[in-house]
Amino acid sequence: ISYSRISLRDVAERLGLPSATSAEFVVAKAVRDGVLEATIHHEDGYVQSHDLVDVYATREPAEAFHRRIAYCLTTHNDAVRGMRYPPDAYKKQLEASRGIRGKSDDKTDEEKAQELEEELEEDY
């Protein structure tokens with residue numbers, strides 16, 4: 001049930017509180033926490049709720065939707081990236097399972113460069 005105006009005594013009765021003062025404290029906390037958008041009229045002993053604003057007339061829902069979709073896409077892309085195999089990883093596994101060993105080349109780049117220079121000098 002929705003009310004635009006309700007007495008604090010009725011609030012206390014519906015919530016099972018001992019007095020309207022207790023209801024006023026409960027309503028004040030709800031207003032402070034942002035659960036209710038209302039004004040408490042102490043002298044008259046009632047609570048007046050504020051008119052609701054059409055939240056869909058603002059950009060807020062679209063921005064929230066955009067943030068959620070961006071999060072989902074990022075999570076998906078990270079998962080796909082995490083499942084990729086390194087290039088030719090299956091070939092190493094295949095060779096290892098067949099017992100084929102590639103030619104191991106323990107030479108450093110400097111040694112290889114030196115050998116190339118020596119071969120070029122021999123040709124000229």
Side-chain angles (χ1 to χ4, degrees):
I1 299 175
S2 177
Y3 299 95
S4 63
R5 180 177 168 173
I6 186 170
S7 72
L8 291 170
R9 190 175 47 235
D10 288 342
V11 172
E13 184 180 310
R14 291 182 188 272
L15 295 178
L17 299 172
S19 67
T21 307
S22 298
E24 185 174 350
F25 289 127
V26 170
V27 171
K29 184 173 182 336
V31 169
R32 186 186 71 218
D33 292 346
V35 176
L36 289 177
E37 291 187 20
T39 304
I40 301 172
H41 296 275
H42 305 285
E43 298 83 24
D44 299 329
Y46 69 90
V47 178
Q48 178 77 41
S49 65
H50 298 159
D51 292 334
L52 296 176
V53 178
D54 183 17
V55 75
Y56 294 104
T58 65
R59 292 189 45 83
E60 185 178 347
E63 290 170 358
F65 185 68
H66 175 71
R67 283 192 305 270
R68 290 176 184 163
I69 294 297
Y71 172 77
C72 291
L73 289 174
T74 301
T75 303
H76 173 266
N77 291 339
D78 290 345
V80 168
R81 198 173 302 122
M83 290 188 290
R84 288 188 184 152
Y85 288 105
D88 297 332
Y90 70 93
K91 288 182 182 178
K92 292 177 185 175
Q93 291 175 349
L94 183 63
E95 290 173 357
S97 68
R98 291 182 178 171
I100 301 172
R101 292 204 172 147
K103 177 172 84 169
S104 64
D105 199 6
D106 296 335
K107 297 179 184 177
T108 63
D109 291 339
E110 291 84 14
E111 292 173 346
K112 291 177 185 177
Q114 184 67 30
E115 286 181 9
L116 284 174
E117 286 180 20
E118 291 173 1
E119 288 178 13
L120 288 173
E121 287 176 7
E122 290 175 4
D123 289 341
Y124 290 103

- request: For Asp78 and Thr75, test the side chains for any donor-to-acceptor distance below 3.5 angstrom and give the result as yes or no.
  value: no

message: Quick check: is Leu73 connected to Phe65 through a chain of hydrophobic side chains (ILVMFWY, heavy atoms under 4.5 Å apart)?
response: yes

message: Nearest 0.5 angstrom please: Gln114 CD to Lys112 NZ, how far?
response: 14.5 Å

query: Heavy-atom count around His66 NE2 within 6.0 Å, excluding the residue itself: above 12?
result: no

Inter-residue atom distance Arg81.CZ - His76.NE2, 0.5 Å rounding: 11.0 Å

task: Find the distance between NE2 (His42) and OG1 (Thr39) and round it off to the nearest 0.5 Å.
output: 9.5 Å

task: Kindly determine whether Val11 and Val26 satisfy side-chain contact (heavy atoms from CB on, under 4.5 Å), including the steps that lead there.
output: CA-CA 9 Å; Val11 172; Val26 170; over 6 Å; no

- line: Rounding to 0.5 Å, atoms OG (Ser7) and NE2 (His41) come to a distance of 13.0 Å

field: Residues Asp33, Lys29; criterion salt bridge (charged side-chain N to carboxylate O under 4.0 Å, His left out); working and verdict
entry: CA-CA 6 Å; Asp33 292 346; Lys29 184 173 182 336; 2.7 Å; yes

query: Can Phe25 be reached from Val47 by stepping across I, L, V, M, F, W or Y side chains whose heavy atoms are under 4.5 Å apart?
result: no

Euclidean distance, Tyr46 OH relative to Leu8 CG, rounded to 0.5 Å: 10.5 Å

- request: Determine, stepwise, if the pair Arg67 / Glu63 fulfils side-chain contact (heavy atoms from CB on, under 4.5 Å).
  value: CA-CA 6 Å; Arg67 283 192 305 270; Glu63 290 170 358; 4.0 Å; yes

- request: Calculate, to the nearest 0.5 Å, the distance between atoms CG and CZ belonging to Asp44 and Arg5 respectively.
  value: 7.0 Å

field: Within-4.5 Å side-chain heavy-atom neighbours: Gln48 and Ser4
entry: yes

statement: In terms of heavy-atom contacts, Ala12 and Ser19 come closest through CB-O, 3.3 Å

